[in-house]
A.B. asks: 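Have a look at this one before I ask anything.
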Amino acid sequence: MVAATGRTAYTIAADVSSSDAIASLFGEIFGGGRKPTILVNNAGMERVAPSRDVTEETWDAIVDTNLKGAFFTAQAFARQTDRGAIINLGSLTSAVGVPTATPYTASKSGVLGLTRALAVEWAPGIRVNALGPGYFRTAMTEVFYADKVWQDRMLAGIPMQRFGEMEVLIGAAIFLASDASRCM
């Protein structure tokens, strides 16, 4: 999660699977006269497993972090302010199925629905958008990139024949956080 005030950004690592922890965290963030106006909801997790082998524990951990966490983090932000921008991180898995990523896909599809609902409910004061990145190499996705067969299969379906680069995603987030996206 990233919260921004003016030109100061706060990167906060937190367990977003607990609404009580999130509420406490936001009490601290908005304390001391700080008034964040931008929230980037980017907490996420994945555990790769064939769908037949997914346990309830795995399902709950992923959905609690990716979907429940996104909602309660956005809610805590909106309870503290009536102006600003929220950027939720979705995933291309919402549109394209990925083998061994069923709970992740379900949770990120939920993030898109959540984004749509909050965008309508909280407008015009809080602008809520989502980014649905494709394949970007991160610590969480490294398990996929270690598999050459996976890489070849994924690249075959990408017209530009390349994986995403973080600076592109950062630029999109900056745009959505700025007034340039005020009509989106």
Side-chain angles (χ1 to χ4, degrees), residues 1-14 16 19 22-23 25-46 63 65-96 98 104-141 157-184:
M1 165 182 35
V2 178
T5 306
R7 294 182 166 230
T8 303
Y10 305 91
T11 304
I12 302 151
V16 297
S19 58
I22 293 167
L25 178 66
F26 270 85
E28 292 175 33
I29 292 170
F30 278 87
R34 292 184 300 265
K35 297 283 185 192
T37 58
I38 300 162
L39 170 68
V40 179
N41 240 338
N42 67 331
M45 71 170 301
E46 166 66 303
V63 172
T65 298
N66 298 356
L67 180 55
K68 176 182 162 186
F71 172 74
F72 285 105
T73 301
Q75 181 189 63
F77 180 83
R79 284 180 171 168
Q80 297 287 335
T81 186
D82 58 359
R83 309 241 23 103
I86 296 173
I87 304 161
N88 291 324
L89 267 286
S91 170
L92 83 96
T93 63
S94 299
V96 178
V98 177
Y104 181 83
T105 298
S107 68
K108 290 300 185 172
S109 295
V111 167
L112 290 184
L114 170 69
T115 300
R116 288 184 198 104
L118 296 181
V120 172
E121 184 176 339
W122 293 346
I126 299 175
R127 190 173 61 248
V128 185
N129 286 290
L131 287 171
Y135 298 106
F136 285 75
R137 193 173 209 142
T138 66
M140 187 175 77
T141 63
I158 300 172
M160 297 299 282
Q161 294 292 294
R162 63 177 178 242
F163 294 116
E165 299 164 357
M166 292 309 283
E167 52 273 0
V168 174
L169 191 57
I170 292 167
I174 290 170
F175 168 72
L176 289 175
S178 76
D179 283 341
S181 69
R182 68 185 172 274
C183 295
M184 298 186 86

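Atoms considered below: every heavy atom in the structure, side chains included; atoms not considered: hydrogens, waters and symmetry mates. Note that the coordinates shown come from a computational prediction; the quantities given were computed from them, not determined experimentally. In this chain, residues are counted from 1 in sequence order.
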A.B. asks: Over all heavy atoms of both residues, which pair between Val111 and Ala70 is shortest? Give the atoms and the distance, please.
C.D. replies: CG2-CB, 4.4 Å

A.B. asks: Under the side chain to side chain contact (heavy atoms under 4.5 Å, CB included) rule, what do Ile86 and Ile126 come out as? Steps first, then yes or no, please.
C.D. replies: CA-CA 7 Å; Ile86 296 173; Ile126 299 175; 3.9 Å; yes

A.B. asks: For residues 161-184, which residue pairs qualify under ring-ring contact (aromatic ring centres under 6.0 Å, His included), counting only residues two or more places apart or in two chains?
C.D. replies: Tyr145-Phe163, Trp150-Phe163

A.B. asks: Nearest 0.5 angstrom please: Leu39 CG to Asn88 CG, how far?
C.D. replies: 7.5 Å

A.B. asks: Over all heavy atoms of both residues, which pair between Pro133 and Gly90 is shortest? Give the atoms and the distance, please.
C.D. replies: CD-O, 3.6 Å

A.B. asks: With side chain to side chain donor-acceptor pair (under 3.5 Å) as the rule and sequence neighbours excluded, what pairs involving residues 158-179 come up?
C.D. replies: none

A.B. asks: How close do Ala119 and Val128 get, counting heavy atoms only, and between which atoms?
C.D. replies: CB-O, 3.4 Å

A.B. asks: Can you measure from CZ (Phe30) to CZ (Arg79) and round to the nearest 0.5 angstrom?
C.D. replies: 12.5 Å

A.B. asks: Report yes if the side chains of Val16 and Phe72 come closer than 4.5 Å at any heavy-atom pair, otherwise no.
C.D. replies: no

A.B. asks: Do the side chains of Phe71 and Asn41 get nearer than 4.5 Å, heavy atoms only?
C.D. replies: no

A.B. asks: Where is the tightest heavy-atom contact between Pro159 and Gly157, given as atom of each residue plus distance?
C.D. replies: CD-O, 3.5 Å

A.B. asks: Quick one: which residue pairs count as a salt bridge (charged side-chain N to carboxylate O under 4.0 Å, His left out) with a foot in residues 80-94, not counting sequence neighbours?
C.D. replies: none

A.B. asks: Quick one: does Leu131's side chain get under 4.5 Å of Leu169's, heavy atoms only?
C.D. replies: yes

A.B. asks: Taking side chain to side chain donor-acceptor pair (under 3.5 Å) as the test, write out the residues that go with Thr93, two or more places apart.
C.D. replies: Ser91

A.B. asks: CD1/Ile22 to NZ/Lys68 distance, rounded to the nearest 0.5 angstrom?
C.D. replies: 8.0 Å

A.B. asks: Can you measure from CG (Leu92) to OG1 (Thr105) and round to the nearest 0.5 angstrom?
C.D. replies: 8.5 Å

A.B. asks: Not counting sequence neighbours, list each pair that qualifies as a salt bridge (charged side-chain N to carboxylate O under 4.0 Å, His left out) and has a residue in residues 111-139.
C.D. replies: Arg137-Glu142

A.B. asks: Test of understanding: with side chain to side chain donor-acceptor pair (under 3.5 Å), list the residues that count as partners of Asn66, not counting sequence neighbours.
C.D. replies: Ser107

A.B. asks: State, to 0.1 Å, how close Met45 and Tyr104 come at their nearest heavy-atom pair, and which atoms those are.
C.D. replies: O-CD1, 3.3 Å

A.B. asks: Is Lys108 reaching over with its side chain to a backbone N or O of Leu89, donor-acceptor style, under 3.5 angstrom?
C.D. replies: yes

A.B. asks: Find out whether Thr81 and Lys35 are in side-chain contact, i.e. whether some heavy atom of one side chain is under 4.5 Å from a heavy atom of the other.
C.D. replies: no

